[in-house]
Amino acid sequence: MPRLEDEAPGTPNVIVSDRSMAENLTGNWRNLRPIIDPARCTGCLICWKFCPEACVELTQKVPLIHMEYCKGCGVCVEECPPACIEFQPEDAS
Ligand code: SF4
Ligand code: SF4
């Protein structure tokens, strides 16, 4: 794999994928599934702002999590101010 033009000397040689993010279905990494309690969601947008996969969509007051890209990292669960996102084991559904 060729090195990038602006890579500093000594940088470890890494493989840069040419696949698009849309193809990178990180949802299959997940063991735990975040579930939003719509009755307690305030629509504050924190989960949308902090999700490292950008898989939280704001089409309505209660966000929609795209599970094909949610890797179950738990950032939204930790950051949700009213704590209305809970993890559920994948095999429980
Ligand atoms: S668990 Fe992680 S990847 Fe999934 S919606 Fe929450 S912050 Fe995003
Ligand atoms: S962080 Fe929690 S309260 Fe805020 S929009 Fe997301 S689910 Fe709703």
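Whatever order the structure lists them in is the order used to number ligands and atoms, beginning at 1.
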I need the atoms of ligand 1 closer than 4.0 Å to a non-hydrogen atom of Ile65, numbered in the order shown. 5 (S)

Going by side-chain contact (heavy atoms from CB on, under 4.5 Å), name the residues that satisfy it together with Val56, two or more places apart in sequence or in a different chain.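 Expected list: Cys47, Trp48, Cys51, Pro63, Ile65.
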
Report the residues that fulfil side-chain contact (heavy atoms from CB on, under 4.5 Å) with Thr26, sequence neighbours left out, ordered by chain and then residue number. Asn24, Trp29, Glu53, Tyr69, Lys71

[Y] reachable from [X] in the ILVMFWY side-chain graph, under 4.5 Å edges:
| X | Y | answer |
| --- | --- | --- |
| Val77 | Leu64 | no |
| Ile85 | Val75 | no |
| Phe50 | Val62 | no |

Counting no waters, what protein N/O/S atoms lie under 2.8 Å from atom 2 (Fe) of ligand 1?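 Hits for atom 2 (Fe) of ligand 1 below 2.8 Å: Cys73 SG.
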
Interatomic distance, SG@Cys84 vs CD1@Ile36, rounded to 0.5 Å, equals 6.5 Å

Ile35 side, atom CD1; Glu86 side, atom CD - distance, nearest 0.5 Å: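 These two atoms lie 9.5 Å from each other.
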
Please check if the side chain of Arg30 supplies one atom and the backbone of Glu90 the other of a donor-acceptor pair under 3.5 Å.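 The answer is no, because no donor-acceptor pair under 3.5 Å joins these two groups.
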
Are any side-chain N or O atoms of Lys49 and backbone N or O atoms of Cys44, one a donor and one an acceptor, separated by less than 3.5 Å?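 A pair under 3.5 Å: no.
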
Would you mind listing which atoms of ligand 2 come within a distance below 4.0 Å of any non-hydrogen atom of Ile85? 7 (S)

Would you say the side chain of Met67 lies within less than 4.5 Å of the side chain of Pro34, judging by non-hydrogen atoms? yes

Just to be careful: counting only protein atoms that are N, O or S, how many fall under 2.8 Å of atom 4 (Fe) of ligand 2?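 Protein N, O or S neighbours of atom 4 (Fe) of ligand 2 under 2.8 Å, waters not counted, come to 1.
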
